[in-house]
S.K.: 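First, the structure itself, so that you have it in front of you.
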Amino acid sequence: DTGVSQDPRHKITKRGQNVTFRCDPISEHNRLYWYRQTLGQGPEFLTYFQNEAQLEKSRLLSDRFSAERPKGSFSTLEIQRTEQGDSAMYLCASSLTGGYNEQFFGPGTRLTVL
Amino acid sequence: QKEVEQNSGPLSVPEGAIASLNCTYSDRGSQSFFWYRQYSGKSPELIMFIYSNGDKEDGRFTAQLNKASQYVSLLIRDSQPSDSATYLCAVNNSGDQAGTALIFGKGTTLSVSS
């Protein structure tokens with residue numbers, strides 16, 4: 001069990017640029033989640049996949065954000081036309097279907113928008 | 001707006017003492033309750049989960065749940081300096097399609113002095 005991995009770990013970009021993050025879940029986990037965390041706050045849910053299907057998306061999520069999980073394995077999160085307010089830690093988590101949905105987080109991607 | 005409330009702290013305890021962390025939640029339909037530990041600059045780490053009213057013990061950690069009062073707590077016995085971290089309470093969002101997204105509190109910062 002290698003755990004959830006995320007790439008890159010850090011990203012610095014200029015306002016208006018597009019960025020893409022990758023998440024590889026724990027191998028047998030078919031549920032994958034994206035959260036965002038800013039300083040002093042708890043993680044905030046963004047979106048959720050079961051296998052390749054995106055089943056839930058936060059109403060707070062801007063249209064500039066899009067996520068995919070094309071083959072039900074890794075997932076990507078893209079932010080278009082980044083804004084300074086997008087600066088945050090982007091966290092990916094995975095879990096098994098069934099049970100009580102214990103979610104395990106990856107190390108996160110820290111985004112800084114200048 | 002569903003909320004999870006935690007005292008931000010800091011909660012300061014001497015080494016060897018019991019640390020008591022508390023959390024209240026607003027979603028009466030929540031069924032799964034989690035405690036995560038987060039060290040500064042790191043991602044959240046799952047340390048306890050509980051689904052039934054009462055107590056659940058795991059080593060030095062005890063989680064307590066009272067659904068009628070919408071209250072969850074975490075006790076850490078024999079606190080160690082390595083327990084110094086932010087503790088995040090999370091509950092599942094019963095309102096989303098699969099009830100799997102987690103709603104997090106802002107966390108309580110624990111400081112254990114040697």
Side-chain angles (χ1 to χ4, degrees), chain A residues 1 3-7 9-10 21 23 25-26 29-51 53-61 67 88-112, chain B residues 1-10 21 23-27 29-52 56 58 63 65 72 85-109:
Chain A
D1 185 349
V4 179
S5 61
Q6 293 186 246
D7 184 72
R9 297 290 302 277
H10 302 274
F21 309 142
C23 171
I26 293 171
H29 286 186
N30 55 354
R31 289 179 170 174
L32 187 147
Y33 310 80
W34 286 98
Y35 292 83
R36 175 174 62 192
Q37 186 177 25
T38 54
L39 196 62
Q41 304 295 314
E44 174 189 34
F45 170 74
L46 295 178
T47 191
Y48 150 65
F49 291 85
Q50 177 148 328
N51 299 312
Q54 187 174 19
L55 297 186
E56 198 73 32
K57 189 173 176 181
S58 169
R59 295 188 202 97
L60 302 176
L61 199 60
M89 175 77 87
Y90 289 84
L91 295 162
C92 177
S94 69
S95 71
L96 283 168
T97 302
Y100 290 94
N101 190 40
E102 299 95 284
Q103 297 181 24
F104 299 90
F105 283 87
T109 295
R110 182 166 297 283
L111 173 66
T112 303
Chain B
Q1 179 78 4
K2 295 176 181 177
E3 295 183 333
V4 174
E5 298 287 343
Q6 296 182 254
N7 187 325
S8 62
L21 304 160
C23 168
T24 58
Y25 61 94
S26 64
D27 184 355
S30 293
Q31 296 295 317
S32 306
F33 307 87
F34 305 88
W35 284 98
Y36 286 83
R37 177 175 62 199
Q38 187 171 30
Y39 293 112
S40 181
K42 302 297 185 181
S43 63
E45 174 192 8
L46 180 63
I47 56 172
M48 285 288 290
F49 49 91
I50 188 167
Y51 318 110
S52 304
K56 179 183 178 182
D58 184 1
L65 173 61
V72 193
T86 296
Y87 289 80
L88 297 163
C89 175
V91 309
N92 76 295
N93 183 353
S94 68
D96 74 29
Q97 184 182 56
T100 60
L102 295 181
I103 305 169
F104 282 84
K106 293 183 179 181
T108 297
T109 300

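Letters A, B, ... mirror the listed sequences (proteins, then strands); counts begin at 1.
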S.K.: First locate atom CZ of B:F104, then atom OH of A:Y35, and finally report the distance between them rounded to the nearest 0.5 Å.
M.R.: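 The CZ atom of B:F104 sits 5.5 Å away from the OH atom of A:Y35.
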S.K.: Would one find more than 12 heavy atoms of other residues, nucleotides or ligands at under 6.0 Å from atom NZ of B:K56?
M.R.: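 Yes - once you tally the heavy atoms of other residues, nucleotides and ligands closer than 6.0 Å, there are more than 12.
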S.K.: Side chain, backbone, both or neither: which part of A:Q103 has a heavy atom under 4.5 Å from chain B?
M.R.: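 Contact with chain B: backbone and side chain both.
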S.K.: Answer whether the closest heavy-atom distance between the side chains of B:N93 and A:F45 falls below 4.5 Å.
M.R.: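 With C-beta onward as the side chain, the pair stays apart.
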S.K.: Mark yes when over 12 heavy atoms from residues, nucleotides or ligands other than B:K2 sit less than 6.0 Å from its NZ; otherwise mark no.
M.R.: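 For B:K2, atom NZ is crowded (more than 12 foreign heavy atoms under 6.0 Å).
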S.K.: Could you check if a side-chain atom of B:P44 sits within less than 4.5 angstrom of a side-chain atom of A:L91, using non-hydrogen atoms only?
M.R.: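 Touching, per the 4.5 Å side-chain cut-off.
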S.K.: Kindly write out the residues that satisfy salt bridge (Lys or Arg N to Asp or Glu O under 4.0 Å) with B:E45, not counting sequence neighbours, or none if the list is empty.
M.R.: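 B:E45: salt bridge (Lys or Arg N to Asp or Glu O under 4.0 Å) contacts with B:R37.
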S.K.: Looking at every heavy atom in both B:L88 and A:P43, which two are closest together, and how far apart are they?
M.R.: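 Heavy-atom minimum between the residues: CD1-CD, 3.9 Å.
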S.K.: As an exercise, state the distance from CZ of B:F34 to CG of A:N101, rounded to the nearest 0.5 Å.
M.R.: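 So the CZ of B:F34 and the CG of A:N101 are separated by 5.5 Å.
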S.K.: About how many Å separate CZ of A:R9 and OG of B:S43, when rounded to the nearest 0.5 Å?
M.R.: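 B:S43 atom OG to A:R9 atom CZ measures 8.0 Å (nearest 0.5 Å).
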S.K.: Please report the closest heavy-atom contact between B:T100 and A:R31, naming both atoms and the distance.
M.R.: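 That closest heavy-atom pairing would be CG2-NH1, 3.3 Å.
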S.K.: Looking at A:E102 and B:F49, what are the two nearest heavy atoms and their distance?
M.R.: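 Of all heavy-atom pairs spanning A:E102 and B:F49, the closest is OE2-CZ, 3.4 Å.
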